[in-house]
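As structure tokens, the structure follows; a few thoughts come after it.
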Amino acid sequence: MQRKLLQHGLMPHCPAPRAGTNNGALFTLPHTTLDTLFFDLQQGNITPGAALADLVRQLRPSHADKHEQAVMNMRALSWLLEHNADYRQALRSALLELLTQTRQIPLYTESGILANTGFFSTLSKRVGERLLPMPVREDSLQDRFGRLFRWKRDHVWLAGIPDDTWQQLWQAMAWHEEQDRTGWTQTRLQMVEAVQILSARVTAIGLEPELVRVYPDIERFESPFLHLNAAVLSYADSYRQALADGTALAEDDKHILVLLEQCELILGKIRKNASRNGISVNLTYQALRLLQSLNRLRALLCLLEPDHDPARNPALFHLLLDFARAENRKYSVSDVFKSNTELLALQVTEHAGRHGEHYIAETRREWSSMARAAMGAGLIVGVMALIKLLLAQAHLPLLWEGLAYGMNYAIGFIIVQLLHFTIATKQPAMTAARIAAALHQQEKSGSRVALDDLAELVTKVMRTQFVAILGNVLLAIPTAALIAYGWQALFGTPVVSTEKAAHLLHDLDPWHSLALLHAGIAGVYLFLSGLIAGYYDNKAIYRRIPERLANHPLLNRLLGKHRAWKLGHYVEHNLGALAGNFYFGLFLGLTGTIGIMLGLPLDIRHITFSAANLAFGLVTLDFQLPLGQMALFAGGVALIGLTNLAVSFILALWVALRSRKLSGHQVLPLLPLLFKRFIRQPLQFFIPPAGSPAEPDTEGSKEA
């Protein structure tokens, strides 16, 4: 490369590098040298569009993460342009020709901004365009720009280039030497038109019924969304007049910027109110589209300022990076899904977290209350396990058998909920959201005290989880055993045959069966049921279901106004739990049926039902098994429970952390603290300390 430059007379005396330049960077560029490219461009051997594409190709590093190489390439280009006036003139002409021969407005108003088609339509559109891409329009700057930066990770290396390197390149191009002002005038006119289009869209989005429902003041006459369009129209007329007359701008953009700030303030209130009034995918979509439009408006107004100089203000380069990222990711389905479901996920996990507070025993009284609630659930599960065994003996058609199993589970779990009992495995999906909220609070405060408080919270969760599992299992086993003995005494035959009993016990063997895999599947269902519960709680608030029930004419006639109100109040606080239990039951019941239909080894293992099956199997075989084998089956029950809890907790915590833009690494500082606590005070992880303050009995508020 150095030899080439010497041949062209660019480095006759090897001058010392100027401040902000790096001559060594010249030797990182590809073998097809930049001076040859510019020479061909000057001679007309290559079109301006092809030259720009080749230039981007040569500036692109060998790997997107090699930011230093990208910076050195950019500095090499800056050095070359700075030392050759013909080259910088050729590059300026190529860029101006690209601007004057294309429609620029779609790039400014569409690239990186969600379309007005709705969430699901946008998803399907991206899938379709990914399979069958749209043809490139030569008269579209958006398409031409996307073709320049066609590598899907171009935005990564562009983001690694610092502002001063971009500004150095802008200075090296010496735009003050350019005599042709037509391209810049046309660009500014199209930017002004783009500003008008964006302001009209902002006004329309700001008055969407979804947003008005959450923040009714938005449609009042003094709403900034209504005034924004008028202010932009006046500004645009003034700007065009100034360009035509060559005079100073009569009206600046200060009033528009004030209105944009007010619009952003209202958007913040909408997102805050959504925590009380519920959220939907469509509301999240519109809010995100509004935010993107406001940001783009602000960026274009910055570029339109008469005294704007990219050599001092990097706004232009930030906008180019936004365009590159948008074009690289324009077919990405995951981006649309992630950005539009983030707020909904936060709301769902928030509702789950509020239920999770009921699963955390603060005092010994609450701990004892949780134990009683878990024992009640264990009693009901013992009966549910009996019903499932009887349904299996009925030999129903396959699909009906699966539905019968599912309804048995679903009705049983709903009864547990109605009686305010507790299924231990439902706790992790709820408490994980509560822990994530506390971790987020600790992350914001960053104090050691907050981390200690979080460790205390985890300790409380673990001992509450322990007593809940203990209560479930200690009642499920004797309940099932008593049922088995009573059945045998009443009917003269065991509940299940010896072959079925052996099969039930074999399914608990952690080494010679798929018990742990099936326990993991049940853990996934536990996690999903927690999300479903949060989703329906959010839906009840968002759709105003409690108010609609309380004011329903038919319900008021049948139940009376007060009872209708009580029904609405109950639904508001329990719809999510009821829905989660119902779907969880169906998941458990239908998995085995679906596995048989697909020819896959799919099934579920749940600790409480496994404990009941252990009792049924041992009673039928009259405990005539080696002690080691019985210990193996009991250990299998314990491992099944551990797998249930671990899978559901990890998944729930991951979703809760992601919804708050946290990562799993932020949990790591907590682990040494918990370990030290366990070494010093192991009993606190199982039993609340004796000095725990007494609090009012909250047994009635516990939710299954």
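Here, residue 1 is the first one in the sequence, and each next residue gets the next number. Keep in mind it's a predicted model, so treat the numbers as computed, not measured. When reading the values below, keep in mind they use all heavy atoms of this one structure, side chains included, and skip hydrogens, waters and symmetry mates.
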Could you walk me through whether Glu68 and Val71 pass the side chain to side chain contact (heavy atoms under 4.5 Å, CB included) test, one step at a time?
CA-CA 5 Å; Glu68 184 179 352; Val71 171; 5.7 Å; no

What heavy-atom pair brings His318 and Asp163 nearest, and what distance separates the two atoms?
NE2-OD1, 3.1 Å

What's the separation between atom CE in Met173 and atom CG in Leu95, rounded to the nearest 0.5 Å?
4.5 Å

For residues Arg147 and Val136, report the shortest heavy-atom separation together with the two atoms involved.
NH1-CG1, 4.0 Å

Quick check: are there more than 12 heavy atoms from other residues, nucleotides or ligands sitting under 6.0 Å from CZ of Phe582?
no

Would you please classify the geometry between the Trp175 ring and the Trp184 ring as parallel, tilted or perpendicular, with 30° and 60° separating the classes?
perpendicular

Do other residues, nucleotides or ligands put more than 12 heavy atoms under 6.0 Å from Arg240 CZ?
yes

Should the pair Glu193-Arg188 be classified as a salt bridge under the 4.0 Å nitrogen-to-oxygen rule?
no

For a quick check under 3.5 Å, do Glu547 and Asn551 share a side-chain donor-acceptor pair by atom type?
no

For the atom pair OH (Tyr536) and CD1 (Ile545), what is the distance rounded to the nearest 0.5 Å?
9.0 Å

Side chain to side chain contact (heavy atoms under 4.5 Å, CB included) between Phe225 and Ile266: does it pass, once the steps are laid out?
CA-CA 10 Å; Phe225 293 100; Ile266 289 178; 3.9 Å; yes

Can you tell me how far apart CD1 (Ile105) and CD (Gln142) are? Round to the nearest 0.5 Å.
12.0 Å

Going from NZ on Lys269 to CG on Leu265, what distance comes out if it is rounded to the nearest 0.5 angstrom?
4.5 Å

Which heavy atom of Ala311 sits nearest a heavy atom of Trp170, and at what distance?
N-CD1, 3.8 Å

Could you work out, with salt bridge (charged side-chain N to carboxylate O under 4.0 Å, His left out) as the rule, every residue matching Arg201, not counting sequence neighbours?
none

Ser199 versus Asn229, closest heavy-atom pair with distance:
OG-OD1, 3.0 Å

Mark yes when over 12 heavy atoms from residues, nucleotides or ligands other than Glu305 sit less than 6.0 Å from its CD; otherwise mark no.
yes

Indicate the atoms forming the closest heavy-atom contact of Val202 with Ser293, along with that distance.
CG2-CB, 3.6 Å

Looking only at heavy atoms, which two atoms of Ser78 and Leu169 are closest? And how far apart?
OG-CA, 3.3 Å

Whether Trp565 and His569 hold their rings parallel, tilted or perpendicular, with breakpoints at 30° and 60°
parallel

What's the separation between atom CG in Leu141 and atom CG in Leu107, rounded to the nearest 0.5 Å?
5.0 Å

Please test Leu651 against Trp654 for side chain to side chain contact (heavy atoms under 4.5 Å, CB included), starting from the C-alpha separation and ending with a verdict.
CA-CA 5 Å; Leu651 290 175; Trp654 178 77; 5.5 Å; no

Walk me through it: do Leu297 and Leu228 pass the test side chain to side chain contact (heavy atoms under 4.5 Å, CB included)?
CA-CA 11 Å; Leu297 253 175; Leu228 179 64; 4.3 Å; yes

Which value, rounded to the nearest 0.5 Å, describes the distance between Leu243 atom CG and Gln186 atom CD?
12.0 Å

I'd like to know whether OH of Tyr239 has more than 12 heavy-atom contacts from other residues, nucleotides or ligands below 6.0 angstrom.
yes

Taking the basic N atoms (NZ, or NE/NH1/NH2) and the acidic carboxylate oxygens, is any pair closer than 4.0 Å for Arg103 and Asp139?
no

Classify the ring geometry between Tyr108 and Phe323 as parallel (under 30°), tilted (30 to 60°) or perpendicular (over 60°).
tilted

